[in-house]
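Quick notes on the structure that follows.
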Amino acid sequence: MPRLLYSAALKLRCLPLLLLTVCVLAGGPVLAAAPGSDAQQQLVGQWLQDVGAGGDQVSVQVRALDNGESLLAVNEAATLNPASSIKLLTTYAGLLQLGADYRWQTRFYLDGKLVNGVLQGDLVLVGGGDPKLVIEDLLAALGQMRSAGLRHITGDLRLDNALYATPAAARVVFDGQASEPYNVWPDAAMLNFKSTKFVVTPRRGKAELTLDPPLAGITVHNRIQLTRGGCRFRASGLSIREQMPAGQTAGAPLLEVGGRYSQGCGQGHSFHAVLDHVSFSGALFRAAWEQLGGRWDGVARREPRRQQPRSEAPWYTWQSPRTLADIVTDINKFSNNVMTRQLMLQLAAERGEPVVDEASARRQVTATLRLQGLALPGLVLDNGAGLSRHARVSAAGLTELLAHAAAGPFADVLRLSLPVVGVDGTMRARLRKHPVAGNGWIKTGSLADVRSMAGYVDAQSGRRYALALIVNGAGARASLPMQDRLLRWVYENG
């Protein structure tokens, strides 16, 4: 199959027609194709139609895994913003360094005497960076601690998050939406993604509000206005204002929830990140502990950084029921940003970096990939999750990584972690009626002016291909149909 050549040097638009390449004046880049199949010609013409002229940039490659040849390549070496498709690098580096069976641990220490079920002192939670220590895990852990004899905590819950260095001054909300769970900053002692579900139920002319999981010790003012009629205003449009007390004894944190909600929607919900890590963890812990019949007299507070690591054995250790393979699947299927960022930091922590921050984590990811011969020229990893305007990688770099993974011990782990076309994850609604459904494993990425995808397709010929497509610029939003056409084309022509 002949290669497609891409150049931004001239203001021409070129469409291949039969055995000729026709170029016309346009405001965008040049795309010229050597003579090829009708399917290839139609695909190139459709790209130009979908992406449009102007400053749009495209990088694409389709690569056969059995012999490494490119079935299709357009500007494949150009480094563009891939959005969430860059999660492939972080998750693959995690598998290479830690192994698929790696599990996180959270340790608990008693700072005081435990007498007849009463802890006369503080309970210390030492975070191990678990990216998915959710409410179900917390309830199970606290239940085991209750079975071990702890019933009443007279002191405080001290949260030790020192494993990661995440100074508050460096924390930036990507798009200003601080209550969106995808903007939660990593924390080594994070519980339940620092987020809860706000459930709205129309009842007796009012919009009732509950939190799931519940947060104890906080005040919630429900200002939601219930409107009549069809489902126009949904829970995703709720507004949340936070008011934190001036000090630990100045009163409970306050959440004011407002906005309109349509009665015709029935019960609905949306997830929101609220409070700071300490306040949220304390409220979640208190609700869970009291649900299990426990008593707690103190407050949650941050554990001061220690000069020396703890030498004593923990009183109780919670080991995550999830392996890294499970976490990688959660990350890639549902494009979870905070889990990805925690994983990247964990690589630096496990390597023993003196300061575990994004800089050291980036060095660890790139070093791990380079040890495998994956240099990836022009790579800018940033936070490893794609929630960035600075991240850069090429389609050729993504397909090189995918081909490397397909030949290694984590081939199935990585491939099966990706959304399946027409079946699940972020690809569940795509191409359900085409035979490529169930035969493609695709990670997607989306930001304003960015659309991307990368993964694998099993063609009807039986051959497997790695592919990547990145579109940046004003035409990115219009490129979703182009993604589907590319998947169909690879399945039918590969």
Side-chain angles (χ1 to χ4, degrees), residues 98 101-164 186-196 213-217 277-324 326-327 339 342-343 345-346 349-350 352 356:
L98 303 179
D101 295 327
Y102 176 88
R103 294 176 190 263
W104 277 262
Q105 291 187 344
T106 303
R107 296 171 289 151
F108 293 83
Y109 294 82
L110 305 183
D111 191 359
K113 293 183 179 181
L114 180 59
V115 181
N116 297 325
V118 179
L119 172 58
Q120 299 171 351
D122 299 339
L123 178 67
V124 183
L125 185 159
V126 179
D130 191 337
K132 196 179 180 182
L133 208 171
V134 291
I135 183 60
E136 293 82 3
D137 295 346
L138 182 61
L139 286 168
L142 297 184
Q144 293 177 20
M145 292 163 67
R146 289 269 296 159
S147 298
L150 180 60
R151 300 192 307 273
H152 180 188
I153 305 168
T154 65
D156 294 340
L157 173 67
R158 287 159 35 200
L159 297 161
D160 185 338
N161 71 338
L163 184 65
Y164 302 159
D187 190 279
M190 182 179 66
L191 299 180
N192 208 65
F193 307 117
K194 200 180 77 68
S195 302
T196 190
L215 302 176
H277 276 287
V278 174
S279 300
F280 180 89
S281 296
L284 186 72
F285 183 94
R286 187 180 299 279
W289 186 243
E290 292 177 350
Q291 177 183 330
L292 295 173
R295 178 179 170 186
W296 175 28
D297 300 336
V299 298
R301 58 187 173 93
R302 183 68 74 200
E303 173 79 341
R305 287 188 174 269
R306 298 167 60 93
Q307 297 299 317
Q308 299 294 331
R310 297 178 187 273
S311 59
E312 69 272 28
W315 176 72
Y316 171 78
T317 299
W318 168 259
Q319 180 168 276
S320 174
R322 301 169 193 84
T323 64
L324 177 56
D326 298 324
I327 294 297
M339 291 174 69
Q342 297 255 141
L343 171 58
L345 289 168
Q346 196 70 12
E350 289 290 346
V356 178

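- One N or O on the side chain of Asp156 and one on the backbone of Val299 form a donor-acceptor pair closer than 3.5 Å.
- When all heavy atoms of Leu98 and Leu343 are compared, the closest pair comes out as CD1-CD1, 4.3 Å.
- The backbone N or O of Gly128 lies less than 3.5 Å from a partner atom in the side chain of Gln346, making a donor-acceptor pair.
- Leu159 is listed as a side-chain neighbour of Arg302, based on a closest heavy-atom distance under 4.5 Å.
- When all heavy atoms of Trp296 and Gly282 are compared, the closest pair comes out as CZ3-O, 3.6 Å.
- Taken to the nearest 0.5 Å, the OG1 atom of Thr154 stands 7.5 Å off from the CG atom of Asp122.
- Rounded to the nearest 0.5 Å, atoms CG (Leu142) and CD (Glu290) are 11.5 Å apart.
- We find the CG-OH distance between Leu125 and Tyr109 to be 11.0 Å, quoted to the nearest 0.5 Å.
- Look at Lys194 and Asp187 and you find no salt bridge, because none of the NZ, NE, NH1 or NH2 atoms lies under 4.0 Å from a carboxylate O.
- By the 4.0 Å N-to-carboxylate-O rule, Lys132 lies too far from Asp326 to be salt-bridged with it.
- Gln342 places a side-chain N or O within donor-acceptor distance of the main-chain N or O of Gly129, the cut-off being under 3.5 Å.
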* **Intermediate values then yes/no, side-chain hydrogen bond (donor to acceptor under 3.5 Å, both in side chains), Tyr316 and Gln144** => CA-CA 9 Å; Tyr316 171 78; Gln144 293 177 20; 2.6 Å; yes
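- For the pair Tyr102 and Ile327, the minimum side-chain heavy-atom distance is 4.5 Å or more.
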* Might you work through the salt bridge (charged side-chain N to carboxylate O under 4.0 Å, His left out) test for Arg295 and Asp297, ending with a clear yes or no? => CA-CA 7 Å; Arg295 178 179 170 186; Asp297 300 336; 3.2 Å; yes
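- Legend: residues meeting salt bridge (Lys or Arg N to Asp or Glu O under 4.0 Å) with Arg103, ordered by chain and number and at least two apart, are absent.
- Using a 4.5 Å cut-off on side-chain heavy atoms (C-beta onward), Ser320 and Leu133 make no contact.
- Going from atom CH2 of Trp289 over to atom CG of Leu139 covers 11.5 Å, rounded to the nearest 0.5 Å.
- In this structure, Trp318 contributes its side chain and Arg107 its backbone to no donor-acceptor pair below 3.5 Å.
- For CG of Asn116, the number of neighbouring non-hydrogen atoms (other residues, nucleotides, ligands) closer than 6.0 Å is 12 at most.
- Taking all atoms of both residues into account, the shortest heavy-atom contact from Ala188 to Leu163 is CB-CB, 3.7 Å.
- Taking both residues in full, the closest heavy atoms of Thr196 and Pro213 are given as OG1-O, 2.8 Å, listed atom of the first, atom of the second, then distance.
- Atom CG in Leu150 sits 6.0 Å away from atom CG in Leu119 (nearest 0.5 Å).
- Atom CG of Leu123 sits about 4.5 Å away from atom CE of Met145, to the nearest 0.5 Å.
- Of all heavy-atom pairs spanning Ala216 and Ala287, the tightest one is CB-N, 3.6 Å.
- Between Gly121 and Ile153 the shortest heavy-atom distance is O-CG2, 4.0 Å.
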